[in-house]
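In what follows, a structure is listed as structure tokens, so that the remarks can point back to it.
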Amino acid sequence: MSTDERRAPVGTIYVYLDHEKPGTEVFEFVQEGNHLLLVDEVIRDNPDVPLTEAQRDAVVEGAGWERIGPWIIDGDDAEAPMRNALW
């Protein structure tokens, strides 16, 4: 397997608010083919202020993934391409 193949995207990270838990952002790590790999939740420091890019990246890295493209922000929602950090 070439370096490019190992570094190719394997899925997408979706981040959105949990409307049943105010101030909580949900992270869904979805592999290509729509296979849900992991769901994580993070409580915001201030319920009205979204997590920063650096805070989102820390959650992603802590879960063993790496963001490989920009965050696409739409209100309280965000998404970005990802790959396994260990590959």
Side-chain angles (χ1 to χ4, degrees):
M1 181 178 292
S2 74
T3 301
D4 289 339
E5 288 173 318
R6 284 184 278 139
R7 310 257 331 147
V10 297
T12 304
I13 309 153
Y14 297 98
V15 183
Y16 54 89
L17 278 178
D18 183 338
H19 295 288
E20 294 180 9
K21 299 177 186 174
T24 301
E25 292 194 27
V26 177
F27 286 71
E28 284 189 6
F29 298 82
V30 181
Q31 186 177 16
E32 289 178 359
N34 294 322
H35 300 290
L36 182 63
L37 299 174
L38 175 68
V39 175
D40 199 359
E41 293 183 343
V42 175
I43 298 173
R44 295 174 172 181
D45 293 334
N46 178 334
D48 298 324
V49 179
L51 296 176
T52 66
E53 184 174 303
Q55 290 171 314
R56 287 187 177 122
D57 287 344
V59 173
V60 171
E61 291 169 11
W65 296 91
E66 176 181 16
R67 178 174 61 88
I68 58 170
W71 284 107
I72 299 169
I73 309 295
D74 182 13
D76 284 319
D77 300 337
E79 68 179 75
M82 66 173 189
R83 67 173 164 234
N84 188 305
L86 302 177
W87 291 356

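Taking both residues in full, the closest heavy atoms of Ala80 and Gly69 are given as CB-O, 4.1 Å, listed atom of the first, atom of the second, then distance. The minimum heavy-atom distance linking Phe29 with Ala63 is given by the pair CZ-CB, 3.9 Å. The two residues Ile68 and Arg83 come nearest to each other via the heavy atoms CG2-CZ, 3.2 Å.
A distance of 5.0 Å separates CG of Leu37 from CH2 of Trp65, quoted to the nearest 0.5 Å. Atoms OG1 and CD, on Thr12 and Gln31 in that order, are 11.0 Å from each other to the nearest 0.5 Å. Remark: Gln55 CD to Asp45 CG distance equals 5.5 Å, nearest 0.5 Å.
Cluster membership for Met82 and Val59, using ILVMFWY side-chain heavy atoms within less than 4.5 angstrom, is shared. No continuous path of hydrophobic side-chain contacts links Leu38 to Val26 [ILVMFWY only; heavy atoms under 4.5 Å]. Both Val39 and Val30 are members of a single hydrophobic cluster when ILVMFWY side chains are connected at heavy-atom separations under 4.5 Å.
Checked against side-chain hydrogen bond (donor to acceptor under 3.5 Å, both in side chains), Tyr16 has the following partners two or more places apart in sequence or in another chain: Glu28. With sequence neighbours excluded, no residue forms a side-chain hydrogen bond (donor to acceptor under 3.5 Å, both in side chains) with Asp40. Residues passing the side-chain hydrogen bond (donor to acceptor under 3.5 Å, both in side chains) test with Thr24: none are found, sequence neighbours excluded. Applying the side-chain hydrogen bond (donor to acceptor under 3.5 Å, both in side chains) test to Glu53 and every residue at least two apart in sequence or in another chain returns Arg67.
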Show your working on side-chain contact (heavy atoms from CB on, under 4.5 Å) between Glu25 and Leu17 and close with a plain yes or no.
CA-CA 5 Å; Glu25 292 194 27; Leu17 278 178; 4.1 Å; yes

Donor-acceptor pairs are to be reported for all side-chain atoms of residues 71-78 against protein atoms at under 3.5 Å, with residues two or more places apart or in another chain.
residue	atom	partner	partner atom	Å
Trp71	NE1	Asp57	OD1	3.0
Asp76	OD1	Arg44	NH2	3.2

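Chaining together hydrophobic side chains whose heavy atoms lie under 4.5 Å apart leaves Ile43 on its own.
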